[in-house]
Amino acid sequence: MKIAVVGTGYVGLVTGTCFAETGNTVNCVDIDEKKVDKLRNGEIPIYEPGLDALFDRNIKQGRLHFTTNLKEGIEGAKVIFLALPTPPGEDGSADLQYVLKVASDLGPILEDYTVIVDKSTVPVGTAEKVRAKIAENAKVDFSVVSNPEFLREGVAVEDFMKPDRVVVGTTSPKAQEVMNKLYAPMVRQGNPVIFMDEASAELTKYAANSFLATKITFMNEIANLCELLGADVDMVRKGIGTDTRIGKRFLFAGIGYGGSCFPKDVQALAKSAKDADYDFKILNSVMDINHGQKTRLIDKAKEYYGGDLSGKTIALWGLAFKPYTDDIREAPALYNIEELLKAGAKVKVYDPEAMKNVREVVGDKIEYCVDEYHAAEQADAIFIMTEWPIFRTPDFEKLSSILKGKVIFDGRNLYEPDAMKENGFVYYSIGRKDIHE
């Protein structure tokens, strides 16, 4: 099948590459000429494990192409995916200007029946808006489908090629047949393609991410309570996670969620509820709690240092919002950098993938280091922001010799408190006992 993907951001690039991998011919369209030139030359602008191998193979085998010309890109395509940005507006609502602009542009250039697929995360009612925009100038029949993505950064290729489920919102039997055929290679193991109406599909994505964000936030609240009551959040996590009604995933306490999806989607769903005159109290609380949780280590550090961080050198281990990505959108590290600089601290940082992106945002206000030990040299304390595997088993003897202060504030609970005590460290984590001098 011939497919077009409009937008070569994270979702668009993974979508286009993975569909090419299953034998389709894919044209990816983007207005950014420099980005398209790099893609044509084999340069991937994002870090996503496993994507580079698929990308290179499908370019070499002539199934994956890139263009800045929309008319050229959609020529002959039976399916056109819209994978465009939907950034939050000031009021929290999803900004649909990019989606609707492309929809308007598509109308007059469609030449045959085409399935237009909203792949971007969009609020309920967007499919109808896209349909109306295309219909203004369309001369042929078309269908608009909602097909939300459920990709986890760091394992996006696996998620796309072996999805838990595929959600497709359409009331058109013709579009359903096309989408069934397109996704057939991905669901051979029996995982479902779930067909529903467009509004339900649009809401499903927001509901899924908001539920997961709520689950994370609940455990962070339990962790904060554990600290006051003398309980251990890791024990509580194991105790409730083995209950099949709850499940083991998304129960790890830490310094809050970030990234491109959870913050934006929770905010957008709360705004949709408000527009419908419904007070979604849980989501409003989730947003407030998560905002405070991101700088939980700052509170602990101020308590340890008597309220004064001025003149302290703090090493931040990890900048990306999660491991196996270079994405720093809403990353807790950014909030901590800002607060540490405000408090007069010097900040040294290391992340295996995200330092370039942080430099573009923060500039030279902080020191960028070649590895985690370089960051720790002569630091008064280490803040652990991201649970990269490289941080899980450091050389504690080496750290003892290069740190000015043997103090670790662990926002991801990477180490066991008793082991840190044996190594002679002052150790603060989330929802567990503190190890003091």
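Position 1 is the first residue of the sequence; numbering continues from there.
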Q: Please round to the nearest 0.5 Å and tell me the distance separating atom CD1 of I31 and atom NZ of K101.
A: 8.5 Å
**Q.** T22 and N24: side chain donor to acceptor below 3.5 Å
**A.** yes
Q | Spatial distance of atom NZ (K2) from atom CD1 (I74) [nearest 0.5 Å] | A | 10.5 Å
Q: Mind telling me whether W317 and Y373 have parallel, tilted or perpendicular rings, with 30° and 60° as the class edges?
A: perpendicular
Q. Which distance, rounded to the nearest 0.5 Å, do you find between the CG of L100 and the NZ of K129?
A. 7.0 Å
Q) Can we call the ring centroids of F55 and F66 under 6.0 Å apart? A) yes
Q. Could K346 and E367 be called an ion pair, given the rule that one side-chain N must be under 4.0 Å from one carboxylate O?
A. yes
Q. Quick check: are there more than 12 heavy atoms from other residues, nucleotides or ligands sitting under 6.0 Å from OH of Y183?
A. yes
Q) Judged by modelled atom types alone, do N191 and R165 share a side-chain donor-acceptor pair under 3.5 Å? A) no
Q. Would you call K294 and E338 a salt bridge, taking side-chain N to carboxylate O under 4.0 Å as the test?
A. no
**Q.** Ionic contact status for K71 with D105, cut-off 4.0 Å
**A.** no
Q.
For a quick test of reading the model, state the closest non-hydrogen atom pair linking P332 to R412 and the distance between them.
A. CG-NH2, 3.7 Å
Q. Can you name the nearest heavy-atom pair linking C226 to V236, along with the distance?
A. SG-CG2, 4.1 Å
**Q.** Distance-only side-chain donor-acceptor flag, S429 / D410, under 3.5 Å
**A.** no
Q. Any donor-acceptor pair under 3.5 Å linking the side chain of S200 with the backbone of M196?
A. no
Q.
Can you tell me how the ring of F19 sits relative to the ring of F160, calling it parallel under 30°, perpendicular over 60° and tilted otherwise?
A. perpendicular
Q: Not counting sequence neighbours, list each pair that qualifies as a salt bridge (Lys or Arg N to Asp or Glu O under 4.0 Å) and has a residue in residues 180-199.
A: R131-E198
Q) Any salt bridge between K271 and D91, counting N to O under 4.0 Å? A) yes
Q.
Under the criterion side chain to side chain contact (heavy atoms under 4.5 Å, CB included), I'd like the reasoning laid out for I384 against I408: C-alpha separation, chi angles, the key distance, then a yes or no.
A. CA-CA 8 Å; I384 297 177; I408 295 178; 4.0 Å; yes
Q | CA sep, side-chain torsions, deciding dist, call: E149, K205, salt bridge (Lys or Arg N to Asp or Glu O under 4.0 Å) | A | CA-CA 8 Å; E149 53 84 16; K205 173 58 186 290; 2.9 Å; yes
Q: Give a yes or no on whether E136 atom CD has more than 12 heavy-atom contacts from other residues, nucleotides or ligands under 6.0 Å away.
A: yes
Q | side chain to side chain contact (heavy atoms under 4.5 Å, CB included) between V358 and V349, worked out | A | CA-CA 10 Å; V358 169; V349 302; 5.5 Å; no
Q.
The test is side chain to side chain contact (heavy atoms under 4.5 Å, CB included); show your working for D159 and F150 and say whether it passes.
A. CA-CA 7 Å; D159 283 348; F150 298 96; over 6 Å; no
(Q) Can you give me the closest heavy-atom contact between E202 and S146, atom names plus distance? (A) CG-OG, 3.4 Å
Q: Have a look at T204 and tell me which of V167, N209, I194 forms a side-chain contact (heavy atoms from CB on, under 4.5 Å) with it.
A: V167
Q) Can a donor-acceptor pair be found between the side chains of N220 and R296 at a distance below 3.5 Å? A) no
Q.
Can you tell whether the side chains of R40 and D37 come within less than 4.0 Å, N to carboxylate O?
A. yes
Q: Please confirm whether the backbone N or O of Y47 pairs with a side-chain atom of E353, one donor and one acceptor, at under 3.5 Å?
A: no
Q | N290 side, atom CG; E221 side, atom CD - distance, nearest 0.5 Å | A | 10.5 Å
Q. Between E153 and K322, is there a side-chain N and carboxylate O pair less than 4.0 Å apart?
A. no
Q) Do other residues, nucleotides or ligands put more than 12 heavy atoms under 6.0 Å from K215 NZ? A) yes
Q: Might you work through the side chain to side chain donor-acceptor pair (under 3.5 Å) test for Q293 and N224, ending with a clear yes or no?
A: CA-CA 9 Å; Q293 194 72 16; N224 295 339; 3.0 Å; yes
Q.
Is it true that D95 and Q97 share a donor-acceptor pair across their side chains at a distance under 3.5 Å?
A. yes
Q. For T68, does its backbone N or O pair with a side-chain atom of D30 as donor and acceptor, under 3.5 Å?
A. no
(Q) Closer than 4.0 angstrom, basic N to acidic O: yes or no for K348 and E372? (A) no
Q | Contact summary for G16 and V26, nearest pair of heavy atoms | A | O-CG2, 3.6 Å
Q) Is R432 salt-bridged to D232, cutoff N-O under 4.0 Å? A) no
Q: Could you tell me the separation between the OG1 atom of T114 and the CG atom of D141, rounded to the nearest 0.5 Å?
A: 9.0 Å
(Q) Using a 6.0 Å cut-off, check whether atom CD of E33 has over 12 heavy atoms from anything other than its own residue. (A) no
Q. Taking the inter-plane angle between the rings of Y427 and Y415 on a 0 to 90° scale, is it parallel (under 30°), tilted (30 to 60°) or perpendicular (over 60°)?
A. tilted
Q) In Å, rounded to the nearest 0.5 Å, how long is the span from CE of M219 to CD1 of I430? A) 12.0 Å
Q: For residues N357 and D326, report the shortest heavy-atom separation together with the two atoms involved.
A: ND2-O, 2.7 Å
Q) Do you see a donor-acceptor pair shorter than 3.5 Å between the side chains of D279 and N284? A) yes
(Q) Using side chain to side chain contact (heavy atoms under 4.5 Å, CB included), reason through Y350 and H374 one step at a time and then give a plain yes or no. (A) CA-CA 8 Å; Y350 173 70; H374 179 206; over 6 Å; no
Q | Any side-chain donor near an acceptor of the partner, T67 and E72, under 3.5 Å | A | yes
Q) Would one find more than 12 heavy atoms of other residues, nucleotides or ligands at under 6.0 Å from atom CD1 of I282? A) no
Q.
Counting only heavy atoms not in K35 (residues, nucleotides, ligands), do more than 12 fall under 6.0 Å from its NZ?
A. yes
Q.
Could you check whether any side-chain N or O of D351 sits under 3.5 Å from a backbone N or O of A320, counting only pairs where one atom can act as donor and the other as acceptor?
A. yes
Q) In terms of side-chain heavy atoms, does S143 have a donor or acceptor partner in Y113 at a distance below 3.5 Å? A) yes
Q | Heavy-atom neighbours of E177 CD exceed 12 at 6.0 Å | A | no
Q. If every non-hydrogen atom of S260 is compared with every non-hydrogen atom of R329, which pair is closest and at what distance?
A. CB-CZ, 3.1 Å
Q: Look at the rings of F262 and Y257 and say which category their plane angle falls in: under 30° parallel, 30 to 60° tilted, over 60° perpendicular.
A: perpendicular
Q) Does the S93 side chain pair with the main chain of G89, one donor and one acceptor, at a distance under 3.5 Å? A) no
Q: Check for a donor-acceptor pair, side chain of R63 on one end and backbone N or O of N58 on the other, with a separation under 3.5 Å.
A: no
Q. Can you tell me if CD on Q61 sees more than 12 non-hydrogen neighbours from other groups inside 6.0 Å?
A. yes
(Q) Using a 3.5 Å distance criterion without hydrogens, assess whether the side chain of T325 forms a donor-acceptor pair with backbone atoms of D327. (A) yes
Q | Test salt bridge (Lys or Arg N to Asp or Glu O under 4.0 Å) applied to E339 and K342, step by step | A | CA-CA 5 Å; E339 291 301 316; K342 278 184 185 176; 3.8 Å; yes
